[in-house]
Amino acid sequence: MESFESDDGHVVVRLDRGDMALESIEAACEAHDVDTGAVVSGIGTFSNLNIHYVDRTDLPDEQAARNVDLELEGSWEVTNIGGAIADGEPHLHVTAFNGERTVGGHLEEGCEVNVLGEFTIRKFEGLSLTREPGQHNVSQLTER
């Protein structure tokens, strides 16, 4: 992984074969002091894809009861990754295609870069966000 910061608060992260996507984005947030911001673009190819998505409308308070975890092997072409960063922690969603199907969901740890990954983070100045449990124990952005 290598990351580069512009004068106007953008951080570009380059991931190479074998790097872990979410873990590297988290490391870049720490290295560049990104407390509040957004991942505004992301592309790449993963050799496996770990995501979860909500498949219910009744939303039980226990998150494990409402989430479906997918651990998918094979090459996955990432068409976009984006989301918000609060307290230095990214909450990201991903869309990816393996040649036969397209899937999307919440990006989880353990997604290994197959060919490359390129992500752009935008730091927000003058705004400090955190996440707090809301209705149905859903994590909600709030201002600190």
Looking at every non-hydrogen atom in both residues, tell me the closest pair between [X] and [Y] and how far apart they are.
| X | Y | value |
| --- | --- | --- |
| Val113 | Gly117 | CG1-N, 3.9 Å |
| Asn80 | Ser41 | OD1-CA, 4.2 Å |
| Glu108 | Leu22 | C-CD2, 3.8 Å |
| Glu112 | Gly18 | OE2-CA, 3.5 Å |
| Gly105 | Ile51 | N-CD1, 4.0 Å |
| Val13 | Ala28 | CG2-CB, 3.6 Å |

Measure the [atom1]-[atom2] distance between [X] and [Y] for me, rounded to the nearest 0.5 Å.
| X | Y | atom1 | atom2 | result |
| --- | --- | --- | --- | --- |
| Gln140 | Arg131 | CD | CZ | 11.5 Å |
| Thr120 | Ile81 | OG1 | CD1 | 11.5 Å |
| Asn50 | Glu71 | CG | CD | 5.0 Å |
| His52 | Leu107 | NE2 | CG | 10.5 Å |
| Ser3 | Leu15 | OG | CG | 9.5 Å |
| Leu129 | Leu141 | CG | CG | 5.5 Å |

Q | Lys/Arg-Asp/Glu bridge criterion (N-O < 4.0 Å) met for Lys123, Glu5 | A | yes

Is the shortest heavy-atom distance from the side chain of [X] to the side chain of [Y] under 4.5 Å?
| X | Y | value |
| --- | --- | --- |
| Leu70 | Leu49 | no |
| Glu143 | Leu127 | yes |
| Ile43 | Val78 | no |
| Phe119 | Leu92 | no |
| Thr45 | Glu77 | yes |
| Trp76 | Val103 | yes |

Membership question, hydrophobic clusters at under 4.5 Å side-chain separation (ILVMFWY): are [Y] and [X] in the same one?
| X | Y | result |
| --- | --- | --- |
| Met20 | Val39 | no |
| Val12 | Val115 | no |
| Phe4 | Met1 | no |

Q. Applying side-chain hydrogen bond (donor to acceptor under 3.5 Å, both in side chains), which residue pairs with at least one partner in residues 92-101 are found, sequence neighbours left out?
A. His91-His93

Q.
Counting neighbours of CD on Glu30 that are heavy atoms of other residues, nucleotides or ligands and sit closer than 6.0 Å, is the number greater than 12?
A. no

Q. Counting N and O atoms only, with roles assigned by atom type, does the side chain of Asp35 sit under 3.5 Å from a partner on the main chain of Ser128, one being a donor and the other an acceptor?
A. no

